There are 2 protein chains.
Amino acid sequence: MRVSREQANANRERVVETAARLFRERGFDGIGLVDLMKEAGLTHGGFYRQFPSKEALLTEATGRAVSQTSDYLAGVPAADRAAVYLSREHRANPGSGCAIAALAGDVARADAKTQAAFAAGVERLLACVGGGEAATSGAARADAIQTLSALVGALVIARATATGAPGLSDEVLATVRKRLAGDAG
Amino acid sequence: MRVSREQANANRERVVETAARLFRERGFDGIGLVDLMKEAGLTHGGFYRQFPSKEALLTEATGRAVSQTSDYLAGVPAADRAAVYLSREHRANPGSGCAIAALAGDVARADAKTQAAFAAGVERLLACVGGGEAATSGAARADAIQTLSALVGALVIARATATGAPGLSDEVLATVRKRLAGDAG
DNA sequence: ATTATCTATAGATCTATAGATAATGC
DNA sequence: ATTATCTATAGATCTATAGATAATGC
């Protein structure tokens with residue numbers, strides 16, 4: 001039943017990756033440790049050798065999810081970012097999508113460490129959206145904050161209305177996409 | 001143990017009001033029916049005579065919360081709305097604050113009926129933010145969608161960083177507040 | 001007689017722990 | 001000998017239901 005140290009590290013990685021996806025899809029309380037470990041291909045008994053608590057896994061999973069988000073978005077051409085971010089495909093796939101939009105609700109109720117990991121992701125996205133020159137304060141950073149807020153708000157509203165009011169959901173995506181294509185998007 | 005029909009209706013109202021507050025504060029999975037009913041001054045045994053399920057209470061509580069939100073915001077002078085919405089006080093009090101920002105995550109995973117109640121709230125806020133002329137499509141409605149998205153996104157990000165990165169949280173509130181004060185805010 | 005609310009509980013979760021097992025790594 | 005993972009379970013929840021109770025409303 002024991003595996004090599006290398007394999008154990010790989011298993012731990014897979015748990016974090018799985019959590020980064022499932023917490024975004026179902027929320028922190030929407031997935032239990034038994035099912036989460038099962039999705040990672042393990043049983044739940046080994047969990048507490050690798051993590052002190054489910055809350056600690058949220059901290060790591062948040063860090064992982066925000067890294068995935070900024071890495072992915074950095075690879076999208078600046079001119080396409082708003083269209084990709086506000087697409088129906090992104091709306092339908094929170095598990096592989098923006099960590100800020102998908103985790104904000106749970107992170108607002110999490111501890112300071114998790115919020116700090118989340119904030120680091122916000123900073124990286126600001127640098128990305130602002131074209132690299134938004135790290136310091138000033139007008140470029142203010143533009144980036146305004147743009148990121150509109151992106152996150154539009155996606156969050158679109159997801160909460162996707163099934164019950166698909167026309168409004170599509171309209172919100174399309175409208176903000178169009179507005180952001182004009183300037184800093 | 002039985003009360004008058006009038007009192008029973010008042011009790012039911014209080015359960016919906018309590019849920020509208022607690023779901024915003026703790027999330028749908030963050031409050032159990034036993035504690036929720038206790039906060040409403042009742043025991044949990046009577047719950048299922050008034051509501052078919054906890055999910056059905058979410059539908060009603062969402063409708064109640066969005067009504068409170070649009071009613072409150074309609075009473076705030078248009079010039080002050082962005083400052084009130086993006087205040088530290090609003091950030092600290094989700095239970096009595098904007099239903100869109102506080103419930104979006106849970107509603108994205110809820111049924112179509114709950115999403116429809118949420119969408120009705122979005123429409124009412126668009127009319128409010130747009131100054132009443134945003135109900136029909138056109139530039140005024142697009143402005144309102146852009147403004148509401150920025151408001152919701154900024155508040156959601158500010159809440160998720162309030163404890164772990166208070167400087168960033170304050171900065172997001174202040175920046176978007178300043179930007180929206182200029183135009184449609 | 002009806003019914004709103006109560007007490008009590010069933011049955012299914014959930015997080016976390018205990019102890020066994022078996023392969024790694026000294 | 002150490003340890004990563006397993007099986008099994010403790011103890012605390014959670015949603016939902018059953019049946020008793022007592023006041024309302026016919």
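Worth saying up front: this structure is predicted, and the values here are computed from it rather than measured. Values reported hereafter were calculated over all heavy atoms of this structure, with side chains retained and with hydrogens, waters and symmetry mates removed.
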Which nucleotide in [options] has an atom nearest any side-chain atom of [X]:
X	options	result
B:Val3	C:dA16, D:dA16, C:dA4	C:dA4
A:Ala8	C:dT9, D:dT5, C:dT5	D:dT5
A:Gln50	D:dT15, D:dT9, D:dT5	D:dT5
B:Ser4	C:dT5, C:dG25, D:dG25	D:dG25
A:Arg49	D:dA8, D:dT24, D:dA4	D:dA4
A:Thr43	C:dA4, D:dT17, D:dT5	D:dT5

So what's the dot-bracket for DNA chain C: Watson-Crick or G-U pairs under 3.5 Å, [ ] if a pair crosses, | if it pairs off-strand? ||||||||||||||||||||||||..
So, [X] and [Y], do they make that salt bridge, N to O below 4.0 Å?
X	Y	value
A:Glu171	B:Arg141	yes
B:Glu17	B:Arg21	no
A:Glu39	A:Arg26	yes

Going by atom types alone, do [X] and [Y] pair a side-chain donor with an acceptor below 3.5 Å?
X	Y	answer
B:Asn9	B:Glu13	no
B:Arg91	B:Ser169	yes
B:Arg24	B:Gln68	yes
A:Ser96	A:Asn93	no

Check the distance between [N]'s [atom2] and [X]'s [atom1] and give it to me in whole angstrom.
X	N	atom1	atom2	result
A:Asn9	D:dT3	CG	C1'	13 Å
A:Leu57	C:dC14	CG	P	15 Å
A:Phe23	C:dT15	CZ	C1'	12 Å
A:His44	C:dA16	NE2	P	12 Å
A:Arg26	C:dC14	CZ	P	10 Å
A:Phe47	C:dC14	CZ	C1'	13 Å
B:Leu42	C:dA4	CG	P	13 Å
A:Arg12	D:dT5	CZ	C1'	15 Å

Within a strict 4.5 Å, meaning less than it, do heavy atoms of the B:Phe23 and B:Asp106 side chains meet? no
Which of residues 27-38 of chain A have a heavy atom under 4.0 Å from DNA chain D?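 Per residue number, the list is empty: none.
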What I want to check is whether an N or O donor and acceptor connect the side chain of B:Arg5 with the base of D:dT24 at under 3.5 Å. no
Distance criterion of 3.5 Å, no angle test: do you see the side chain of A:Arg2 paired donor-to-acceptor with the base of C:dT24? yes
Assess the residue pair B:Asn11 and B:Gln7 against the criterion (side chain to side chain donor-acceptor pair (under 3.5 Å)); give the C-alpha distance rounded to whole Å, side-chain angles, the decisive distance to 0.1 Å, and a yes or no. CA-CA 6 Å; B:Asn11 288 348; B:Gln7 183 59 46; 2.9 Å; yes
From CA spacing to verdict: side chain to side chain donor-acceptor pair (under 3.5 Å), A:Arg177, A:Ser87: CA-CA 9 Å; A:Arg177 194 192 312 144; A:Ser87 66; over 6 Å; no
Hey, is the side chain of B:Tyr48 poking within less than 4.0 Å of OP1 or OP2 on D:dT17, counting only N and O atoms? no
